[in-house]
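Accompanying notes for the structure given below.
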2 protein chains.
Amino acid sequence: MRIGELSRNTGVSVPTIKYYVREGLLPPGELTSPNQATYGEAHERRLQLIRALLDVGGMKVAEIADVLAALDDPERPLHKVLGAAADHLSNGGVEHDDAESAAARAVVADLISRRGWRTNESNPAATDLSKALAAMDRLGHGAFVEVLDDYADAAEQVAEADLRYVDRRVAVEGMMEAVVVGTVLGEAVFNALRRLAHVDASAQLYGTDGSQERKTS
Amino acid sequence: MRIGELSRNTGVSVPTIKYYVREGLLPPGELTSPNQATYGEAHERRLQLIRALLDVGGMKVAEIADVLAALDDPERPLHKVLGAAADHLSNGGVEHDDAESAAARAVVADLISRRGWRTNESNPAATDLSKALAAMDRLGHGAFVEVLDDYADAAEQVAEADLRYVDRRVAVEGMMEAVVVGTVLGEAVFNALRRLAHVDASAQLYGTDGSQERKTS
DNA sequence: AGAAGCGGATAGCGGCACTATCCGCTATCC
DNA sequence: GGATAGCGGATAGTGCCGCTATCCGCTTCT
């Protein structure tokens with residue numbers, strides 16, 4: 001397959017494919033002459049993965065490059081790949097160091113120990129959680145912590161479902177990718193489901209119909 | 001309070017505050033002379049809200065402007081504000097029209113009717129969900145639908161917790177904001193919890209410790 | 001032979017969230 | 001009452017990001 005066909009099959013423009021190759025997201029095609037190359041099914045799949053992580057998962061190109069490098073490295077242990085993927089879902093940014101942040105960190109530490117989670121507070125997810133809770137506290141929504149355990153229950157269920165799914169595909173060669181896809185796209189799936197459930201729950205409570213008027217911008 | 005103090009109190013630079021005013025995120029200060037103005041606590045709170053939606057919620061400035069305009073409009077009914085906020089968590093983009101997308105839409109429609117959710121398929125969240133499932137299908141993870149109901153169960157629980165939280169603060173004037181904050185920041189909270197739970201669940205399964213080595217980029 | 005397509009390289013674009021600079025004015029300190 | 005710091009308002013510029021446009025000389029198809 002040549003680049004034009006690859007482009008047609010995936011809906012990704014030729015210059016964009018070239019760009020992905022330059023950025024190391026996609027391996028170059030196999031050269032048949034000094035300036036001709038062919039691409040295989042692996043390239044097609046890889047392109048689909050890139051577009052999914054980009055469009056659905058909202059990851060950045062550079063982050064995707066990291067994760068794919070980890071995926072391609074056969075020496076990389078599973079939990080490192082997971083770490084690479086999860087890290088990139090983190091929103092980065094800098095943490096305040098005010099009273100609310102300190103309180104939020106304490107809440108998170110308590111939550112982790114209370115639930116017996118085998119992780120520690122240096123986990124980027126824990127930092128993100130602290131930041132979110134601190135922001136809520138600053139906004140006068142400190143009481144949100146009262147529903148944290150409901151959230152954590154649901155999170156555990158989802159995590160178990162994820163693991164069950166990954167574990168089901170015993171083929172080891174696909175497992176790494178399944179973890180990445182499950183983590184990143186699973187997040188998008190859950191967020192969409194949550195918003196759907198919100199509409200229903202609020203309809204139940206406030207008696208509106210669930211239809212969404214589109215804004216006339 | 002003058003703009004410098006507002007800046008110091010919130011950690012947002014003076015030019016950035018001016019920028020937010022220009023973009024309509026923040027109302028201008030009250031003029032005491034033709035070119036002097038003072039800001040109150042409302043401005044401080046509003047700035048915190050802006051930063052939270054921006055940094056933690058990952059929203060864009062223009063989207064925040066929309067949501068805040070909806071919040072400020074006393075005529076705007078609750079569910080419209082919710083719609084405005086939820087819409088902006090949508091990833092936008094264009095939907096393919098291939099076999100996987102059609103199948104995904106069918107799965108979503110089925111899910112909605114099976115769970116009796118009072119919403120319809122034109123809801124942007126439903127579109128997002130279809131897109132995510134279609135992407136998974138294209139990647140050979142069509143079997144992910146098998147855990148969709150586990151996800152939906154958890155999503156319902158979270159949505160109920162959200163509603164319970166919002167409903168608890170009977171004060172109507174804060175309710176709108178509570179909905180927005182709960183929807184947007186709640187998403188960040190849940191995603192972080194899910195990643196924490198992942199680490200624990202995979203530790204349980206694969207016997208690694210849960211510590212996260214930081215990448216040495 | 002001619003046209004279309006290719007690989008590779010470099011430069012440019014549009015969107016976004018700021019940031020820098022300048023202006024004339026004002027509040028404040030001494 | 002004069003210096004100085006800060007102010008409101010406006011305009012232009014910056015850095016990053018994900019592409020996109022253009023050009024080159026070469027190959028493949030017809």
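Throughout, protein chains are lettered first and strands after them, A, B, ... in sequence-line order, and every chain is numbered starting at 1.
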Would you give me the side-chain donor-acceptor pairs under 3.5 Å for residues 137-144 of chain A, sequence neighbours excluded?
unit_1	atom_1	unit_2	atom_2	d
A:R138	NE	A:D98	OD2	2.8
A:R138	NH2	A:D98	OD1	3.4
A:R138	NH2	A:D98	OD2	3.3
A:R138	NH2	A:S101	OG	3.1
A:H141	ND1	B:Y165	OH	2.8

I need the CZ-C1' distance between A:R2 and D:dC29, as an integer number of Å.
8 Å
Kindly write out the residues that satisfy side chain to side chain donor-acceptor pair (under 3.5 Å) with A:R45, not counting sequence neighbours, or none if the list is empty.
A:E177
Taking CD from A:E5 and C1' from D:dC29, how many angstroms apart are they, rounded to a whole number?
14 Å
Quick one: salt bridge (charged side-chain N to carboxylate O under 4.0 Å, His left out) pairs with a partner in residues 88-97 of chain A, sequence neighbours left out?
A:E95-A:R105
B:L49 and B:L71: which non-hydrogen atoms are nearest, and at how many Å?
CD2-CD1, 4.2 Å
Applying side chain to side chain donor-acceptor pair (under 3.5 Å), name anything that partners A:R194, two or more places apart in sequence or on another chain.
A:Y151, B:D162
For A:L196 and B:A126, the nearest pair of non-hydrogen atoms, with its separation, is CD2-N, 3.9 Å
Check residues 57-65 of chain A and write down every donor-acceptor pair under 3.5 Å in which the side-chain atom is one partner and the other belongs to a residue at least two apart or another chain.
unit_1	atom_1	unit_2	atom_2	d
A:E63	OE1	A:K60	N	2.9

Contact boundaries on DNA chain C for chain B, cut-off under 4.0 Å to non-hydrogen atoms:
C:dA17 to C:dA27
Return each pair, listed once, that meets ring-ring contact (aromatic ring centres under 6.0 Å, His included) where at least one residue sits in residues 176-196 of chain B; pairs must be two or more places apart or across chains.
A:F190-B:F190
Which whole-number value in Å describes the distance from B:R22 CZ to D:dG13 P?
15 Å
For the side chain of B:I3, starting at C-beta, report the closest nucleotide among D:dC29, D:dT11, D:dC7.
D:dC7
Strand contacts (DNA chain C) in residues 47-58 of chain A, 4.0 angstrom heavy-atom criterion
none
Hey, can you pull the donor-acceptor pairs under 3.5 Å for the side chains in residues 34-42 of chain B, sequence neighbours left out?
none

Interatomic distance where OH belongs to A:Y20 and C1' belongs to D:dG18 [whole Å]:
7 Å
Result for 5'-nearest mapping on DNA chain C, choosing between B:S33 and B:Y19, is B:Y19
A side-chain contact here means heavy atoms from C-beta on lying under 4.5 Å apart; do A:V145 and A:L111 qualify?
no
A:T119 OG1 to B:H198 NE2 distance, which is reported to the nearest 0.5 Å
12.5 Å
If you measure from CG on A:L193 to CG on B:L148, what distance do you get to the nearest 0.5 Å?
6.0 Å
Show the atom names and distances, to 0.1 Å, of all donor-acceptor pairs under 3.5 Å that link a side chain in residues 14-23 of chain A to residues at least two apart or in another chain.
unit_1	atom_1	unit_2	atom_2	d
A:T16	OG1	A:S13	OG	2.8
A:Y20	OH	A:R51	NH1	2.7

Range-with-range stems for DNA chain C, at least three Watson-Crick or G-U pairs under 3.5 Å:
C:1-30 with D:1-30
So what does A:K18 touch, heavy atoms closer than 4.0 Å: a base, only the sugar-phosphate, or nothing?
base
Heavy atom of residues 34-42 of chain B under 4.0 Å from DNA chain C: which residues?
B:N35, B:Q36
